[in-house]
2 protein chains.
Amino acid sequence: MNRLRIAIDMDETICDSLSRHLDWYNRDFGRNITKQDTVGNKIYNIVPDEHMNAVKRYPTHPDFFRDLPLIDGSLEAIRTLNEIHDIFIVTAAMEYPNSFEAKYQWLKTHLYFLSDLNFVFCGFKGIIEADYLIDDTPKHLDNFSGKGLLFHAEHNINATGYQRVRNWSEVLDILKAAT
Amino acid sequence: MNRLRIAIDMDETICDSLSRHLDWYNRDFGRNITKQDTVGNKIYNIVPDEHMNAVKRYPTHPDFFRDLPLIDGSLEAIRTLNEIHDIFIVTAAMEYPNSFEAKYQWLKTHLYFLSDLNFVFCGFKGIIEADYLIDDTPKHLDNFSGKGLLFHAEHNINATGYQRVRNWSEVLDILKAAT
């Protein structure tokens with residue numbers, strides 16, 4: 001049995017923040033953008049410049065993280081991994097400092113089986129020492145010294161050179177083989 | 001020239017949170033505790049049990065980090081180190097989740113020359129990959145895989161088996177020799 005330290009990103013890996021972004025954007029600006037429209041891009045790159053500041057402020061709203069939809073199977077998979085591995089949630093929270101508290105409360109509520117000593121709010125993820133990092137953002141995997149798994153998302157669809165995982169079932173298979 | 005990644009704790013290493021704790025405790029409970037009274041102990045261990053909750057809430061007050069006194073020479077030393085090394089501020093903020101925002105603002109104001117991508121709010125510091133960790137809490141150095149420097153404080157006076165640094169001038173000397 002190989003006990004691993006596994007770092008896991010939050011947004012678009014555990015919870016589906018993009019859906020909330022799209023819902024709120026469509027509501028506020030009378031649009032009908034779907035996930036399909038974000039293929040190969042971040043939402044910030046596909047809305048008009050004059051809307052960008054409003055969209056970037058969404059995660060700082062106290063309601064943003066409330067009842068945030070989940071990525072399919074994420075919580076169950078993390079609970080399974082936690083039985084034999086050391087799990088850390090590593091989120092680039094410094095980009096949205098006003099959302100620290102809401103992110104923390106979301107993690108405490110949904111990942112209550114982890115110690116909050118295992119939550120990391122950072123910026124540059126190269127500072128993380130772990131065996132694995134599961135993350136939807138290629139640049140974080142580029143900076144990471146361990147083994148990276150690129151969690152599939154519409155925005156990273158064109159990224160190559162990474163071990164891509166399409167869902168949490170694939171993550172479990174890979175980590176089971178490494179254990 | 002050896003460019004190092006140096007992780008630096010915040011409370012009691014950069015800023016003197018203990019002084020504020022003592023000031024507020026003495027104000028609220030009519031006492032006259034000094035730093036000398038905390039030798040070998042944390043403040044939480046020397047106040048009566050019935051006062052502990054109030055004292056533990058101090059860092060969650062919005063004014064706690066306002067005009068917090070500094071550890072002598074800390075900012076100047078960090079600015080010097082930042083000229084040739086990669087500096088990360090690594091604070092065990094998960095113990096006081098209500099103080100995330102205030103801590104972040106303090107860091108942005110006083111360490112404005114660092115990117116906020118180099119701020120890390122965590123719990124367990126064993127997750128940090130760096131060459132050095134400068135910290136006043138022995139348990140954080142125990143968990144750290146790099147080289148630890150124990151920043152001298154009244155509460156850690158009895159800790160042995162660590163490379164102790166008594167002030168920021170000593171830190172600069174040691175890191176200059178390692179560069």
Side-chain angles (χ1 to χ4, degrees), chain A residues 3-10 59-60 62 65 82 85-109 111-112 114-133 137 139-140 142-148, chain B residues 3-10 59-60 62 65 82 85-109 111-112 114-133 137 139-140 142-148:
Chain A
R3 186 181 182 92
L4 301 167
R5 184 184 292 168
I6 302 169
I8 303 173
D9 175 44
M10 182 175 169
T60 69
F65 286 93
N82 188 48
H85 300 300
D86 294 317
I87 307 298
F88 286 80
I89 308 302
V90 178
T91 174
M94 292 301 151
E95 292 172 23
Y96 301 105
N98 293 329
S99 67
F100 289 148
E101 184 68 24
K103 279 196 152 183
Y104 176 80
Q105 291 304 337
W106 193 94
L107 290 170
K108 283 290 279 184
T109 303
L111 295 169
Y112 57 87
L114 298 180
S115 163
D116 56 2
L117 298 181
N118 288 25
F119 300 158
V120 184
F121 290 1
C122 64
F124 176 75
K125 293 194 184 177
I127 192 78
I128 298 302
E129 179 161 283
D131 298 300
Y132 280 86
L133 171 63
T137 301
K139 80 169 175 205
H140 291 317
D142 294 340
N143 295 330
F144 178 62
S145 61
K147 187 151 180 48
Chain B
R3 186 180 182 93
L4 302 168
R5 183 184 294 168
I6 302 169
I8 304 173
D9 174 44
M10 182 175 169
T60 69
F65 287 93
N82 187 49
H85 301 300
D86 294 318
I87 306 299
F88 286 80
I89 308 302
V90 178
T91 174
M94 293 301 151
E95 293 172 25
Y96 301 104
N98 294 328
S99 67
F100 289 147
E101 184 69 24
K103 279 196 152 184
Y104 176 80
Q105 290 305 336
W106 194 94
L107 290 170
K108 283 290 280 184
T109 303
L111 295 169
Y112 56 88
L114 298 180
S115 163
D116 56 2
L117 298 181
N118 288 25
F119 300 158
V120 184
F121 290 1
C122 64
F124 176 77
K125 293 193 183 178
I127 192 77
I128 299 302
E129 179 160 283
D131 298 301
Y132 280 87
L133 172 62
T137 302
K139 80 169 175 204
H140 291 318
D142 294 341
N143 295 330
F144 179 62
S145 63
K147 189 152 179 48

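Numbered from 1 within each chain, the chains take letters A, B, ... in sequence-line order.
To the nearest 0.5 angstrom, F121(B) atom CZ is 13.0 Å from K103(A) atom NZ.
Considering only heavy-atom pairs separated by less than 4.5 Å from chain A, the leading option among A92(B), A7(B), A93(B), G126(B) is G126(B). When each of L117(B), V90(B), D116(B), D86(B) is scored by its heavy-atom pairs under 4.5 Å with chain A, the top score falls to L117(B). Top candidate by heavy-atom pairs under 4.5 Å with chain B, chosen from N118(A), I127(A), V120(A), is I127(A).
For a residue to count as touching a neighbouring chain, one of its non-hydrogen atoms must lie under 4.5 Å from one of that chain's; by this rule N98(A) touches chain B with backbone and side chain alike. Interface residue F119(B): backbone and side-chain heavy atoms are both found under 4.5 Å from chain A.
With sequence neighbours excluded, the residues forming a side-chain hydrogen bond (donor to acceptor under 3.5 Å, both in side chains) with K147(B) are Q163(B), listed by chain and number.
Taking the six-membered ring where tryptophan is involved, the planes of Y104(A) and F100(B) are perpendicular, since the angle between them exceeds 60° and thus also 30°.
Taking both residues in full, the closest heavy atoms of E101(A) and P97(B) are given as OE1-O, 2.9 Å, listed atom of the first, atom of the second, then distance.
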